[in-house]
A.B. asks: 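The structure follows.
A quick note: this is a predicted structure, and the numbers were derived from the prediction, not measured. For reference, positions follow the sequence shown, starting with 1.
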Amino acid sequence: MRKLVLLPLATICFAGCDAAGPSPASAPTPGASVRGVLEPVDTIALRHSPGDPLIRLSGLDIRAGDGAMVVSDASGGTVQLFARDGRLLRLLGRKGSGPAEFQIPYSPRFDPDGRIHVPDARNTRITVFSPDGTVSGHVPLTAFVRVTAAEPEPAGTYLVAATRTEEDPHTLFRIDDRGRVLQPLLPLADRASEDPMLAGIRRASFAVQGDSLYVALTTADSVWSVPRGGGQVQRLHLRVPGYTAPKPPRPGIMSMREAAAWGRTFSMAAAVFATDGAVAVPFVRGVLFEGDSTTLLFRQPGGSWISIADPPIIVRAANGYFAALEDPYADTLRIVLYRRRRG
């Protein structure tokens, strides 16, 4: 049984895009080891029920306090809640379009009150669960053509990485609990290529770190820093070792094998993660299933960047932990929790 990290796809700007503000470049210090930066503290085997296997992980979050984990599965359309020791506590949703049902759930998130917020790419909404597992509401996402990430804020609003229209340059928004756009936060001006294969792999992700939001694009080797309340955006061009920008495939690609081979010819920023003062951006090769994490750019709290070769496959950072897949192809999904090594 394959446990593959397949995140939602969206059309966002190509590698030449830019945002307001200065664009400094950073040359990460190469050659750091994983153990020199991240310290493994625990490995948790998620013991799902036999009737609801975890086939295609599409998101994970860690609850503050008790360390419980909520996991979404894009293949089965399920959302499952596990205890800190890996025991299944409850199944939160199944395949479908009704209440507590999902088509493609992804990126579930806890809020400070213990509620769980689950975006659904196909049903175009966020389903909100109370701590006891009952549905307490829905937030429509119909203001957008595509949404690739969403996170609740303490004030009851949401941050979403999304495309509103093909003409709108913004890719990060704040919305209210009715799905209305309150504030566009990050404009990216250039959509240079309309190649359908490139359009299929473009997506934005973001991470929250205090009063800052960090945004990464699959088709660029940069990180955008956005003040949480809005304001001056800064773009940091990361000089990723061995980075190759995406290019359109040759005409006539038909098979999955050919598409996979094309995906291995360039690098992608799979996501961006932030916790405990650190920021991590994994770059991968292999488009269809996000590939293997080949290079991890890691920013220490002091601001310096480190390049780590062959890092773990990080899927979430929260509450001081970096959570990674031990083996994405194993029958039992094991999550390794790392902490930033100090000193």
Side-chain angles (χ1 to χ4, degrees), residues 8 44 46-49 51-54 57-144 147-162 173-182 206-208 228 275 315-321 323 333 335 337:
I44 302 164
L46 301 183
R47 302 193 291 277
H48 57 76
S49 65
D52 298 292
L54 294 171
L57 177 72
S58 57
L60 176 149
D61 199 15
I62 305 168
R63 187 160 62 193
D66 64 358
M69 292 187 185
V70 60
V71 177
S72 58
D73 180 79
S75 181
T78 62
V79 179
Q80 304 183 43
L81 182 65
F82 295 89
R84 176 66 169 77
D85 62 3
R87 289 178 295 112
L88 178 64
L89 296 176
R90 62 176 58 94
L91 188 70
L92 295 176
R94 294 187 179 276
K95 197 82 168 180
S97 299
E101 292 181 342
F102 302 97
Q103 293 292 334
I104 306 178
Y106 64 97
S107 301
R109 293 290 182 263
F110 291 106
D111 69 17
D113 296 325
R115 297 182 302 171
I116 301 171
H117 305 252
V118 186
D120 189 326
R122 189 72 54 81
N123 286 331
T124 60
R125 67 189 183 195
I126 299 171
T127 298
V128 184
F129 293 91
S130 298
D132 64 3
T134 59
V135 175
S136 62
H138 294 93
V139 179
L141 296 174
T142 50
F144 305 101
V147 177
T148 58
E151 185 150 339
E153 296 188 287
T157 54
Y158 291 82
L159 298 166
V160 296
F173 301 85
R174 176 172 285 113
I175 65 173
D176 66 13
D177 60 4
R178 297 183 181 182
R180 298 174 298 190
V181 174
L182 300 176
F206 67 90
V208 179
R228 191 164 183 166
T275 189
V315 294
R316 177 64 172 146
N319 306 316
Y321 291 109
L333 194 66
I335 305 297
L337 297 182

A.B. asks: State, yes or no, whether a side-chain contact exists between Q103 and K95 at a heavy-atom distance under 4.5 Å.
C.D. replies: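 Side chain of Q103 against side chain of K95, heavy atoms only: contact under 4.5 Å found.
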A.B. asks: Could you tell me which residues satisfy salt bridge (charged side-chain N to carboxylate O under 4.0 Å, His left out) with R47, sequence neighbours excluded, listed by chain and number?
C.D. replies: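 Salt bridge (charged side-chain N to carboxylate O under 4.0 Å, His left out) list for R47, sorted by chain: empty.
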A.B. asks: Can you name the nearest heavy-atom pair linking P131 to R115, along with the distance?
C.D. replies: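 Taking P131 first and R115 second, the nearest heavy atoms are CD-CG, 4.0 Å.
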A.B. asks: So, using salt bridge (charged side-chain N to carboxylate O under 4.0 Å, His left out) as the criterion, who are the partners of D113 when residues are at least two apart?
C.D. replies: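 By the salt bridge (charged side-chain N to carboxylate O under 4.0 Å, His left out) rule, D113 matches no residue at all.
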A.B. asks: Test of understanding: with salt bridge (charged side-chain N to carboxylate O under 4.0 Å, His left out), list the residues that count as partners of D52, not counting sequence neighbours.
C.D. replies: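 Once residues adjacent in sequence are excluded, the partners of D52 under the salt bridge (charged side-chain N to carboxylate O under 4.0 Å, His left out) criterion are R94.
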A.B. asks: Work out which heavy atom in L337 is nearest to a heavy atom in I44; give both atom names and the distance.
C.D. replies: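 Smallest interatomic distance, heavy atoms only, reads CD1-CD1, 3.7 Å.
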A.B. asks: Please enumerate all residues that pass ring-ring contact (aromatic ring centres under 6.0 Å, His included) together with F144, with sequence neighbours excluded.
C.D. replies: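 Counting only residues at least two positions away or on another chain, F144 forms a ring-ring contact (aromatic ring centres under 6.0 Å, His included) with F173.
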A.B. asks: Of all residues at least two apart in sequence or in a different chain, which pass the side-chain hydrogen bond (donor to acceptor under 3.5 Å, both in side chains) check with R90?
C.D. replies: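 R90: no side-chain hydrogen bond (donor to acceptor under 3.5 Å, both in side chains) contacts found.
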A.B. asks: Listed by chain and number, what are the side-chain hydrogen bond (donor to acceptor under 3.5 Å, both in side chains) partners of D176, not counting sequence neighbours?
C.D. replies: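 In terms of side-chain hydrogen bond (donor to acceptor under 3.5 Å, both in side chains), with neighbours along the sequence ignored, D176 is linked to R180.
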A.B. asks: Just grab all the salt bridge (Lys or Arg N to Asp or Glu O under 4.0 Å) pairs involving residues 74-86, residues at least two apart or on different chains.
C.D. replies: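 Every pair satisfying salt bridge (Lys or Arg N to Asp or Glu O under 4.0 Å) with a residue in residues 74-86: D42-R84, D85-R87.
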A.B. asks: Hey, what do you get for CD1 (I116) to OG1 (T127), rounding to the nearest 0.5 Å?
C.D. replies: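 Reported value, rounded in 0.5 Å steps: 11.5 Å.
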A.B. asks: Would you check, one step at a time, whether the test side-chain contact (heavy atoms from CB on, under 4.5 Å) holds for F129 with T134?
C.D. replies: CA-CA 5 Å; F129 293 91; T134 59; over 6 Å; no
A.B. asks: Could you tell me the separation between the CG atom of L81 and the CZ atom of R63, rounded to the nearest 0.5 Å?
C.D. replies: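 Output value for this atom pair is 5.5 Å.
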A.B. asks: Can you tell if the side chain of V70 reaches within under 4.5 Å of the side chain of L92, non-hydrogen atoms only?
C.D. replies: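 Side chain of V70 against side chain of L92, heavy atoms only: contact under 4.5 Å found.
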A.B. asks: Y321 and I335: side-chain contact (heavy atoms from CB on, under 4.5 Å), yes or no, with the steps?
C.D. replies: CA-CA 11 Å; Y321 291 109; I335 305 297; over 6 Å; no
A.B. asks: Minimum heavy-atom separation for V118 and F102, please, with both atom names.
C.D. replies: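 Scanning both residues, the minimum pair turns out to be CG1-CE2, 3.7 Å.
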A.B. asks: Applying salt bridge (Lys or Arg N to Asp or Glu O under 4.0 Å), which residue pairs with at least one partner in residues 120-129 are found, sequence neighbours left out?
C.D. replies: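 Every candidate salt bridge (Lys or Arg N to Asp or Glu O under 4.0 Å) pair involving residues 120-129 fails, so no pair, neighbours aside, qualifies.
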A.B. asks: Residues in side-chain hydrogen bond (donor to acceptor under 3.5 Å, both in side chains) with E153, at least two apart?
C.D. replies: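 In terms of side-chain hydrogen bond (donor to acceptor under 3.5 Å, both in side chains), with neighbours along the sequence ignored, E153 is linked to T157, R174, R228.
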A.B. asks: Which heavy atom of D111 sits nearest to which heavy atom of P152, and what is that distance?
C.D. replies: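 Result for this residue pair: CB-CG, 4.2 Å.
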A.B. asks: So how far is it from L57 CG to L333 CG, rounded to the nearest 0.5 Å?
C.D. replies: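 Output value for this atom pair is 6.0 Å.
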A.B. asks: Calculate, to the nearest 0.5 Å, the distance between atoms CG and CD1 belonging to D73 and I104 respectively.
C.D. replies: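 Atom-to-atom, D73:CG and I104:CD1 are 11.0 Å apart.
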A.B. asks: Below 4.5 Å, heavy atoms only, C-beta onward: do S107 and R109 meet side chain to side chain?
C.D. replies: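 Yes, side chains in contact.
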A.B. asks: Tell me whether T124 contacts the main-chain N or O of T142 through its side chain, where contact means a donor paired with an acceptor under 3.5 Å.
C.D. replies: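 Looks like no, no N/O pair under 3.5 Å.
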A.B. asks: Which atoms form the tightest heavy-atom contact between N319 and A64, and what is the distance?
C.D. replies: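 Residues N319 and A64, closest heavy atoms: ND2-N, 3.3 Å.
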A.B. asks: What pairs with Q80 under side-chain hydrogen bond (donor to acceptor under 3.5 Å, both in side chains), at least two apart in sequence or on another chain?
C.D. replies: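 Testing Q80 for side-chain hydrogen bond (donor to acceptor under 3.5 Å, both in side chains), a comparison that skips the adjacent residues, returns T78.
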A.B. asks: Can you measure from OG1 (T275) to CD1 (I62) and round to the nearest 0.5 angstrom?
C.D. replies: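 Reported value, rounded in 0.5 Å steps: 8.5 Å.
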A.B. asks: What is the minimum heavy-atom distance between A74 and S58, and which atoms define it?
C.D. replies: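 Closest pair (atom of A74, atom of S58, distance): N-OG, 3.5 Å.
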A.B. asks: Could you work out, with ring-ring contact (aromatic ring centres under 6.0 Å, His included) as the rule, every residue matching Y158, not counting sequence neighbours?
C.D. replies: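 Y158 satisfies ring-ring contact (aromatic ring centres under 6.0 Å, His included) with H117 once adjacent residues are dropped.
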A.B. asks: Using salt bridge (charged side-chain N to carboxylate O under 4.0 Å, His left out) as the criterion, list what pairs up with D61, not counting sequence neighbours.
C.D. replies: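 Checked D61 against salt bridge (charged side-chain N to carboxylate O under 4.0 Å, His left out); matches are R316.
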